[in-house]
Amino acid sequence: MSTAGRTTTAGRTRPTGMKIATIVAGAVITLLLAIPLAVQVITAFRGPFLPFGVSSAKWSVDNFVTLWELREDFWSVLGSTAVFVGGSTIISLLLAFGLAWVTVRTDIPFRRVISVLVVVPFIIPPIVKAQAYQLMLSPESGVLNQLLRLLPGDLVIDPYSFATMTVVQSLTNVTFPFLMIVPILTSMDGSLEESARVSGASWGQTLRRVTLPMLWPGLLGVAVLTGILGLGSLEIPLLFGQEAGKDIFALKLWNLISAGAGELPQYGLAAAWGCVFLVITTIAFVIYLRATRSAERRASISGKGFRPTTMKLGGWKAPVLLAIFVFVLLTAVLPMFALLWSAITPYPIAFSFEALATQTHFTAFGEVLADGEFWASLGRTLLIAAASATIACVAATVLAYGIARGRRTPGARAMDLFASSSVAIPAVIAGFAMFLTFLVINPVIPLAGTIAALVIAYSYRVSIAYRSSYSATLQIRKELEEAAVVSGASPLEGFRRIVTPLLMPTVFAVWIQMFILGTNEFTLPAFLATPESRPLSVYMYAMISPRSAQLYQPDQGAAMALIFTLLVFLIGYGLQWAVSLRAIGRARRRSAIPGLGARTAAPSNEPPAPATRAVAAQELEEQRELAGR
Amino acid sequence: MTTAAHGGGRLVVDGLEKQYELDGGAVPVVKGVSFTIEPGTFTSLLGPSGCGKTTTLRCVAGLETSNGGRITLDDKVLSTGTEHMPPDKRDVGMVFQNYAIWPHMTVFANAVFPLQVSSGKLPKKEARARAMEALELVQLDAYANRPATALSGGQQQRLALARALAHRPRLLLLDEPLSNLDAKLRDTMRNELRSLQQRLGITALYVTHDQSEALSMSDRVAVMNQGRIVQEAAPRDLYYRPADRFVADFVGRVNMIPAVVRERGGAGEVLVEAFGTRLATPCPDGVGIGDEVTVTFRPESVRWHETAPDRPNLLPARVVRVEFLGEIVEYEAQILAGETVVGTIVARGAPLDSPANGSEIVLELAPHACRVLAG
């Protein structure tokens, strides 16, 4: 060859540096997900009680035999879990769909306010919500039961009935399906509905015959994810289930490994339980994959994304607004009020103005703020959440880019599936499997109970970041990178200057989301943390749980919950604000090219195209739309 | 404007081969394509979708790695079957079908990019001057500080062109750059693009499926079909002397009449029998008496008369359809032999001078407008 420089033999699509990064990211994600699950499965087959690393353990199916011998217990757990998870998922979905429908597809007033109010509970840590509901439902002093007494009839809600627990679980989990259903409804092609209407179908018929069948796969996918989320969370079962006397799977797993005095924790049996439920969630995951694939197919049939037509509520406006008011009351206002009341009263007393005047004090807040352990666990919370969000986002983005842009080899396809699969692992199983893993590797790599262990465990939610980065990469048209290379940029320069800035908004958004999830996390640290490494959520649980005798300080727990929520709120919004500020700043910097001012002012020989302003206005509108969501 | 600094290189593509690996094995999409573009000239690859024209262009750009054949730009070897220079070292500019304007940058940042990255890196000041010069070329210098997304489609198109020219490449590659514009803008851009190319003297390779684009802008047009170049010629030759039925049919509208060669005429012409009568046409090489051939002629080459003039190649006909298309009128006429219909011809003419529907007329096919294709 007569030329100098890099030459390649056939088939170069990405720089080798990128390829290596992709492989490293893939390996990190594989280790993160595969090893804990493998340890759990092996533990299930090593008996009888201890993890497989222990020398006295031997291969056996004893754990499954025990599971079978205790089948009455097994069926009862399975049954109550099914009712609990299924019931709460259905209620959550109905509420979420209703709310999403009302905000997206009707002419309800205060649309923006409503969608914000529905999303706010997302940043309240679930353990705080669980605690708040417990306070609010207290038969004597609970604010909800107090309100119900004002109504005619002798209605008192029993906080520790199975039905209450199911409803409470569904109320705490509405935001997640809501956030997933809104885009499904928004992106729906309105012309399909319009053509049904033009064909003579009424609103109801259109909904039944066109809209719902079209949305069905998408909604099924949301249902599966909500169900897995519900199955995996420990908060409500832990706070309500013990007293309700129902063994929900998450609680069962928890009880098996937190053995009482003099007993051995039954790791093997717990692992067997975990395996059974992992099979169930895997089946659910397959359903989810098929549903989303089918949803994508349907989406691709539809034409341009017109804004869907909105339904006129007419006389229904007032009742719908009232229903939303009750929902907000139940999910945000009353829980917060109950927490506040609990924080300012020395022991559980019913709300009255007399009590407000005589018995309240704010010392609990002062005690919390003076508590060194509070600040230490807050610091750990932020550290763990930030570190795990960073690990997950970096690994996921690199892998997603590599897979989205690489060749669709069977290996790449398998990796894609695997990296998406952590949504199928309920948090309790992940927590337990991670717990076992750190126990087993502890002699070699002593991580058990450390902050590092928590960081690794939190990162298991990597699929969230992976899916977002993957679709964001697909949205960056390949020509944009090719244009960079043809312009003389090396592939790495192209990646740095074109791909990275275009991916960044998505990655930042996902990072913030994962960071907030991390600060809210309770289930994973419940399995993994020690008093030296515990984050705020676990410390707070210790304060409100009567079992932890020496720490039991319900008023401080409530005060801490409020401070915690406020902090998460401030941090979440602060980050979002900082990111948007940064974006604006960057745009300003970019546009400020020195020495061009005079030219810009000079008259152009072409008047600004009318299209220009229209395009800009349209984009602004779209951004507003997005922000509104 | 220092346009003299541009200038073009000589591109030689020789025996280019490209296969795509699909599940079922290798699918060849470019099968031995060869052509040469002389410095400063404009060549179009014209063909239906899937003919391999874009793949050929992308192989020249280096975005696809060819499986065989040699590509050189002046004395620089861009690609052999086994070794490929990376696209960033090839010193080409490229305009993409959907512009590929980077949405996160301003107009200026888009244009200056090629002058900031490794291959074409210039000192800051010089890069700025050059980028502004490129923007001036396409009259976008007043928009330099705008976000690139605030441009209209036509402006984005011009920005893509400025970016492709900023580093003064010796070869400009254009992949259906006008197909996303509306009809009127497309005509304007076509003229601008051509005059810019001529002013800069840059060598251009243009890919399109639109024959009017290819014919109006190019010095040479290479028609591709199923991975091969079927004919490469100047636009006029291509149009009036298509090499085969595919080219005749793809480039413009054409009448194709089966005929048999009957006798030699004067001045290199033959007389063929078609529509039961004798027509004089130019004679290509290798055609003998008795051969079955196809006579082709363009609809607009057909003239009509109310009464027969004293010239050869006349066909009595009846008008059965007249369609007003604005700038022209298209009409369909049945060729008559006595009262029998022996064939149909589509003709085009000026709207103010068109035959009435149902009228009986005489069609004239001037011999020099006809072309005989074997088979």
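Every chain is numbered from 1 and lettered A, B, ... according to where its sequence line falls, protein lines coming before strand lines. Below, all heavy atoms of this structure are taken into account, side chains as well, without hydrogens, waters or symmetry copies.
Between B:F42 and B:Y206, the ring planes are tilted. Angles from 30° to 60° get that label.
Residue B:L173: no heavy atom, backbone or side chain, is found under 4.5 Å from chain A.
Under a 3.5 Å cut-off, the side chain of B:T80 and the backbone N or O of B:E83 do form a donor-acceptor pair.
No other option in B:R58, B:Q97, B:K121 has as many heavy-atom pairs under 4.5 Å with chain A as B:R58. Among the candidates B:V107, B:V112, B:L115, B:N98, the residue making the largest number of heavy-atom pairs closer than 4.5 Å to chain A is B:N98.
A:T506 meets the side-chain hydrogen bond (donor to acceptor under 3.5 Å, both in side chains) test with no other residue; sequence neighbours excluded.
Each of B:V60, B:L63, B:L172 was evaluated against B:M94; a single residue qualifies, B:L63, per the side chain to side chain contact (heavy atoms under 4.5 Å, CB included) test.
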